[in-house]
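Excluded from the calculations below are hydrogen atoms, water molecules and symmetry mates; all remaining heavy atoms, backbone and side chain alike, are included. Within every chain, numbering begins at 1; the chains are lettered A, B, ... in the order of the sequence lines, protein sequences first and strands thereafter.
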Amino acid sequence: MTEKGAVPRRVLALGATSAIAEAVLRLLAERGASFFLVGRNPDKLAAVRADLLTRGAAAARSYAANLDDTAAHPTLLAEAAAALGEIDLALIAHGILGNQQEAEADYGAAEAILRTNFLSAVSLAGCLANYFEAQRGGAGQPGAPRRGSLRRGPNSVGDGTPVMAVISSVAGDRGRKSNYIYAASKGGLNVFLEGLRQRLEPAGVRVLTIKPGPIATPMTAHVPPGPFFATPQQAARHILRAIEKRRNEAYVPPYWGAMMLVARNIPGWIFRKIRV
Amino acid sequence: MGKRTPGPRFESWGRYPRLQADVVPLHWTIDFPLPQRPAGKQLPVGLGRSYGDVCLLENGTLLDTTGMDRLLGFDPATGVLRCETGTSLKQILDFAVPRGLFLPVTPGTKYVTVGGAIANDIHGRNHHAAGTFGRHVLRFELTRSDGARFVCSPIENSDWFAATIGGMGLTGLMTWADIRLRPIVSRRIDYRGEKFQGLDEFFARSRAAKSEYTAAWIDCVATGRNFARGILMQGDHTQIPEPLHRSREPKLVFPADLPELALNRYSAAIFNTLHYHRQWGKTKSGRVDYEPFFYPLDAVRHWNRMYGRKGLLQFQNVLPLESGREGMLDILKAITKSGLASFQAAIQFFGAVPSVGMMSFPRPGVMLAVDFPVRGEVSFDLMERLTRITLEHGGRMYSAKDARMTPQQFQAFYPQWQEFARYVDPGFDSAYWQRVTGRRRLDD
Ligand SMILES: Cc1cc2nc3c(=O)[nH]c(=O)nc-3n(C[C@H](O)[C@H](O)[C@H](O)COP(=O)(O)OP(=O)(O)OC[C@H]3O[C@@H](n4cnc5c(N)ncnc54)[C@H](O)[C@@H]3O)c2cc1C
Ligand SMILES: NC(=O)c1ccc[n+]([C@@H]2O[C@H](COP(=O)([O-])OP(=O)(O)OC[C@H]3O[C@@H](n4cnc5c(N)ncnc54)[C@H](OP(=O)(O)O)[C@@H]3O)[C@@H](O)[C@H]2O)c1
């Protein structure tokens, strides 16, 4: 019983220059995947592409685009689908942390956070959903396993279900005064993905919400590293496992699941008193 | 990026001296020069596996290169790998070994970066056969703090090539490098260990050695009958093909600083006696995986904590063969007399393959490397004595390990230093360079 069907081979990476995304893509490249890489900086994209090809990627194309430009998303996805043939995994990884103080003082700064983390992801995920539904219109019997053993339902390891994996954040689970604009962008994303998951279930497409805790990447380079910081490589191993297992949601590293279970259940009147 | 990490301070492997600097992580080769030029001087750093102050700078900005770890291209026909300079030798092995390739030269730890390996022009146990790491570097890109970027090789900008190999990070930031890997058919090494009693036997056995890898462990604590006893270790890559796989990740971490008391001449004597007698017979041979052969210490992360909070010093020198026996005898006597504990001591021959770098350490002769705990005056006095003996015997000391030599000593070891100084980036500096050019005084 191989787990071959579980490992995505044709991968669309949106925000491919993100440190977390790059670590995931390296693991996939070592297994010979093909890539369509989207990011806004051509120099960085070229370096990521060269690295993935060197590590064993079967093919890789890079495509420079500012993902805030939602009008360009349909064209971008059409190009990606044409280049890859079919999409086994779409990873939406781009995002910005922004600056809470600035976002409080200036609505423009708040909107920029929401635009990149929430609106552009909504647009991309929406386009992808339409693409997957069209692609799988014939084959997508509700719950029917594609190729492989009958013993495997669509949720189990080993089926060929495509995955749409989106990097959200543990921050989206609760609003805190120190970062509630960023948190709102991720919290909104979580609710959106929850609904999209229901919609895509009949088409046999898995929607994975990835919720990392703090990871040492350029985004957090200015934050003093605490005991709960994980490396992008550690995060990538957990993310890949969640993709292979066709999970709906993954806390990264998994212990954040327990921590956030506690955090989510602290009553509001107590939570308001905890200044974090 | 240009962001600051006010995290824990950057330490060298010896954790002496301790100097505070800002650390800016570089993730992309285009992150340098920084968008806002820092007020003070800058210095690239890798994994901080240098023992002394060559990877330190007080009140400056350390450019942490470990985020630049992409493999940019590989030619299976020639075995040439192009990678960003923050790539570690461990990452290269993970890539290369399953493809039947190995590092052309490797130090005693795989946790060093390509940038660090070139900047100190490091050597391995195959120095007599392969020369230094720099000999296997075909070209690299050098970037300067004024924004200039250019490729250096033996034919393009060859003077910058020579100044940067062994240039201690002072000539600019290397962004990527082409390295020629060597083929292997197995992970394993045909190993042979031979015990020796005293320096004469070490010299005789080293002269007779024929293996690609040859180096010895030497007991720097034992006196009397056991003075300068040791084990000469030889190894060659096995020629019997075997499946090649990637190494597993090590799990052990040295948990905390040991108290100073734990490490003394008695515990060191016990440790060394155990080590010497681990091998029963006079000679022992077998076939071992390359990990324990090259990287026995990598099995425990942060083993430098064993030396406690004050840290450790490493003395490493090379003496010409003519004066080598006499000089090493003086040095070993001084060490055993000091009573300072030492577990890690290596002695080996350097061969005649010339180093490429203007400031490279290796030269033909006999090399000794010994660790000591920092115990204030006693340790510093011993270092000073050993450095003086090295000078008297026409040898030199290794910048990657040193934290104590004076400007006069450095300038005698490396008389070409003024020529080298012309290549130093005006925006760069290091605590080492400040010290050996007389701009930073030693605290004692
Ligand atoms: C257990 C152990 C065993 C060792 N064994 C050996 C051995 O057998 N042989 C040997 O030769 N050495 C040995 N060393 C020393 C080690 O190989 C060198 O100190 C090496 O340079 C460390 O590399 P690093 O990545 O940690 O660099 P660092 O120590 O962080 O920096 C070393 C130098 O490289 C420069 N540098 C780093 N990156 C760049 C870059 N991108 N561009 C320009 N300059 C750069 C820095 O400025 C600094 O001067 C050993 C060290 C340890 C801890
Ligand atoms: N690091 C953490 O602690 C952490 C924790 C939880 C969640 N996350 C999430 O993880 C994801 C990845 O972040 P990371 O930590 O890997 O940080 P990162 O390395 O800084 O990656 C963020 C990436 O998003 C790209 N990007 C931003 N805006 C874009 C736009 N408009 N168009 C195209 N690309 C854009 C950036 O491109 P440039 O390089 O060109 O700027 C960058 O490559 C983000 O969604 C983040 O919110 C991170």
Side-chain angles (χ1 to χ4, degrees), chain A residues 15-27 29-32 35 37 39-57 60 62 64 93 96-99 214-237, chain B residues 1-10 22-32 34-36 61-64 66-76 79-88 90-92 94-99 101 141 143 149 175-176 178-179 181 245-246 249:
Chain A
T17 52
S18 126
I20 299 175
E22 205 186 346
V24 175
L25 302 182
R26 284 184 185 181
L27 296 177
E30 284 167 4
R31 296 162 198 211
F35 298 94
L37 308 166
R40 61 179 166 184
N41 184 312
D43 291 330
K44 295 182 186 179
L45 271 180
V48 173
R49 175 174 178 272
D51 179 68
L52 297 177
L53 286 170
T54 306
R55 287 175 197 272
S62 54
I96 56 172
L97 192 55
N99 179 310
I215 315 287
T217 70
M219 183 178 281
T220 52
H222 61 293
V223 183
F228 288 113
F229 264 77
T231 64
Q233 293 72 32
Q234 289 164 336
R237 282 194 290 274
Chain B
M1 302 289 95
K3 288 171 180 169
R4 304 203 150 173
T5 308
R9 57 177 75 186
F10 187 89
D22 290 329
V23 181
V24 174
L26 304 181
H27 289 272
W28 307 92
T29 59
I30 53 168
D31 284 347
F32 181 79
L34 302 179
Q36 280 138 8
T61 300
L62 298 178
L63 308 165
D64 173 356
T66 54
M68 304 195 306
D69 65 349
R70 293 174 194 84
L71 308 181
L72 299 177
F74 171 63
D75 180 357
V80 175
L81 175 71
R82 175 169 297 181
C83 60
E84 293 178 353
T85 50
T87 308
S88 69
K90 175 203 179 288
Q91 290 171 310
I92 292 186
D94 283 348
F95 172 81
V97 170
R99 289 172 170 79
L101 292 160
E141 183 187 65
T143 60
R149 313 175 87 86
T175 54
W176 55 260
D178 284 353
I179 296 148
L181 303 172
H245 59 85
R246 192 181 261 209
E249 304 289 318

Atom group of Phe95(B) that falls short of 4.5 Å from chain A, counting heavy atoms: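 Contact with chain A is through the side chain of Phe95(B) alone.
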
Part of Arg82(B) within contact of chain A (heavy atom distance under 4.5 Å):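 For Arg82(B), no heavy atom lies under 4.5 Å from chain A.
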
For Ser18(A), what residues pass the side chain to side chain contact (heavy atoms under 4.5 Å, CB included) criterion, not counting sequence neighbours?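 Testing Ser18(A) for side chain to side chain contact (heavy atoms under 4.5 Å, CB included), a comparison that skips the adjacent residues, returns Ile20(A), Ala21(A), Ala93(A).
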
For Leu45(A), which residues count as a side chain to side chain contact (heavy atoms under 4.5 Å, CB included) partner, sequence neighbours excluded?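 Expected list: Ala16(A), Thr17(A), Leu37(A), Ser62(A), Ala64(A).
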
For the pair Asp51(A) (side chain) and Leu72(B) (backbone), establish whether a donor and an acceptor sit closer than 3.5 Å, ignoring hydrogens and angles.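 No; zero donor-acceptor contacts below 3.5 Å.
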
Hey, is Asp69(B) close enough to Arg26(A) for a salt bridge, meaning N to O under 4.0 Å?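 Yes, this pair counts.
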
Just verifying a value: how many Å separate Lys44(A) NZ and Ile30(B) CD1, rounded to the nearest 0.5 Å?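 One gets 5.5 Å once the value is rounded to the nearest 0.5 Å.
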
Distance check, rounded to the nearest 0.5 Å: Glu249(B) atom CD versus Gln233(A) atom CD?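 Answer rounded to 0.5 Å: 10.0 Å.
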
In the structure I gave you, are the side-chain heavy atoms of Val48(A) and Trp28(B) within less than 4.5 Å of one another anywhere?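 Yes. Closest side-chain heavy atoms under 4.5 Å.
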
Is there a side-chain contact between Arg70(B) and Glu22(A) in this structure, where contact means two heavy atoms from C-beta onward sitting under 4.5 Å apart?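 Of all side-chain heavy-atom pairs linking Glu22(A) with Arg70(B), at least one is under 4.5 Å.
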
Grab the two heavy atoms, one from Arg99(B) and one from Gly56(A), that are nearest each other, plus how far apart they are.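 Closest heavy-atom pair between Arg99(B) and Gly56(A): NH2-N, 4.4 Å.
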
Among the options Thr217(A), Thr54(A), Leu52(A), Asn41(A), pick out the one with the most heavy-atom pairs lying under 4.5 Å from chain B.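 Among the listed options, the one with the most contacts to chain B is Thr54(A).
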
